[in-house]
Number of protein chains: 2
Amino acid sequence: MMAPAYAPEMPARLAEAAFRLFSDRGIRDVNMEAIAAGAGVTKGSLYWHYRSKDELIRAACSHYYREWHRRTRAALAGEADALRRLDKVVRLSVRDCLLDEGNRVFTLEVFALSLKDSAVREGWRQFFDAVREFYVGLVEDARAAGRIRCDDPGRAVGLMLSAMEGFKLRALFEPGLCAPESERAIGDELLGILGADSGTVTIPQGMENTEEIWRLG
Amino acid sequence: MMAPAYAPEMPARLAEAAFRLFSDRGIRDVNMEAIAAGAGVTKGSLYWHYRSKDELIRAACSHYYREWHRRTRAALAGEADALRRLDKVVRLSVRDCLLDEGNRVFTLEVFALSLKDSAVREGWRQFFDAVREFYVGLVEDARAAGRIRCDDPGRAVGLMLSAMEGFKLRALFEPGLCAPESERAIGDELLGILGADSGTVTIPQGMENTEEIWRLG
DNA sequence: ACACGACCATACTGATAAGTATGGTAACGG
DNA sequence: CCGTTACCATACTTATCAGTATGGTCGTGT
């Protein structure tokens, strides 16, 4: 390949390739050569942009954070109703974080890595904290608008996020748990934890089908 | 070291050493030599008892399953009241699975490994299924005895187990979440999901201290 | 006494992959 | 036109570790 004098997009391309490959085959089973190839270059270029694999992993995580924020902003664009905002964000998280197997692989691998790499751990701590604060704000808005009943938003959000992470993990052993047909029911369950039970939720562009039975496992 | 002609306890000793080291330093950062040394032998002996590292990891998992069953049986010995049985098992799980950092490290590492090793994954699937069935039985008993209100035990247990796994994960980034002083509150939260709210739970050998405030994060 | 099998230790092999050394090429300033 | 810098490719070094080869020792049956 040619060597253009300036390639300002290459760091992002490499981080994106790393994220994609990590999501597909895990972190340890993807070597630097494969990541470089995934971005259309070789190791020489990769190590020019990133000092080490750890640094590249952190960049892949940052890519993940940015994607989450971007998609969340996009989902909320033009939506003013507090309950519908909450509904949209929860269902977006279900679709993008729970139902997508690549996402489950990536996060699980990163979490295992966090046991050792304190920089990665700190990054996710901040991200989780931001997500938590964001959800708490949405819940408080919906409560202030009288759309949900929730005594303790902080506690409810904590429990909801724990349940979401737990579903992700359990899906590893019970693939049916996060199958596409469960999308609706999981969203209902999580919203229920936040005090927005199925009956009171204003469902966006959907007709209510109450015959849908959801049983875990 | 001597070479006694018979060492029938050596496989168990090696599996236990593996479990202990994995819980402390993770799986991939513990090599076969360290495991052998942890059991007081060397690689030669280890490979005589186990064909590969994967086989040893499976043995460490089996050790974990057995320990769980043993402790659960011990906790329930002589307890006949349905609600107290449920209470004891949940609080045992909180203490042994959530509050113990070694346990969190071991399970997270094994889950990441399960992405690749289908035998390990299948083992945990069976274990989780057994645990789930066991909890459902306890919940149904407590409901039949009129001690809790729970419309759908299967769904409630699934949600409770998800929340428990989620707490384990989140503790990695928020160490205070699974701190010793949270033990009581986490148990209350999980029992609440099962329909046994704090007010109706018969607390074993404890006085109720209602001034304990628990907020996630 | 001796052979044999269970058990264990030491030394080695081979593969993988992170990281490095080095040289090449394209754009741009002077 | 030339040097410099940014960017990229290839070849190499090196460390780690799972797994193997081999030989030694202890107990036991005969």
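Below, read A as the first sequence line, B as the second, and so on, with proteins coming before strands; counting in each chain starts at 1.
Other residues, nucleotides and ligands contribute at most 12 non-hydrogen atoms within 6.0 Å of the CD atom of Glu33(B). Atom CD of Glu16(A) has more than 12 heavy atoms from other residues, nucleotides or ligands within 6.0 Å. Residue Glu140(B) places its CD atom among more than 12 non-hydrogen atoms of other residues, nucleotides or ligands, all under 6.0 Å distant.
Atom pair Asn31(A):CG and dA15(C):P shows a separation of 16 Å (rounding to whole Å applied). Distance CD1 (Ile35(B)) to P (dA18(D)): 8 Å, rounded to an integer number of Å. The distance from atom CD of Glu33(A) to atom P of dC12(D) is 14 Å, rounded to the nearest whole Å. Rounded to whole angstrom, the span from the CE atom of Met32(B) across to the P atom of dA9(C) amounts to 14 Å.
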Could you run down the sub-3.5 Å N/O contacts of the protein with nucleotides 10-14 of chain C?
none

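For Met10(A), counting side-chain heavy atoms from C-beta on, the closest listed nucleotide (dC8(D), dA18(C), dC17(D)) is dC8(D).
Between Lys168(A) and Asp100(A) there is no salt bridge, since none of the side-chain N atoms of the basic residue sits less than 4.0 Å from a carboxylate O of the acidic one.
Using a 30° and 60° split on the angle between ring planes, Trp124(A) and Tyr64(A) fall in the tilted class, from 30° to 60°. Ring geometry for Phe19(B) against Phe106(B) counts as perpendicular: the plane angle is over 60°, on a 0 to 90° scale with 30° as the lower cut.
Residues from residues 45-55 of chain A lying near DNA chain C, meaning a heavy-atom separation below 4.0 Å, are Tyr47(A), Ser52(A), Lys53(A) in numerical order.
Annotation: Trp68(B) is not in aromatic contact with Tyr65(B) [ring centroid separation under 6.0 Å not met].
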Would Met32(A) and Tyr50(A) count as a side chain to side chain contact (heavy atoms under 4.5 Å, CB included) here? Give the steps. CA-CA 11 Å; Met32(A) 297 297 264; Tyr50(A) 292 99; 5.7 Å; no
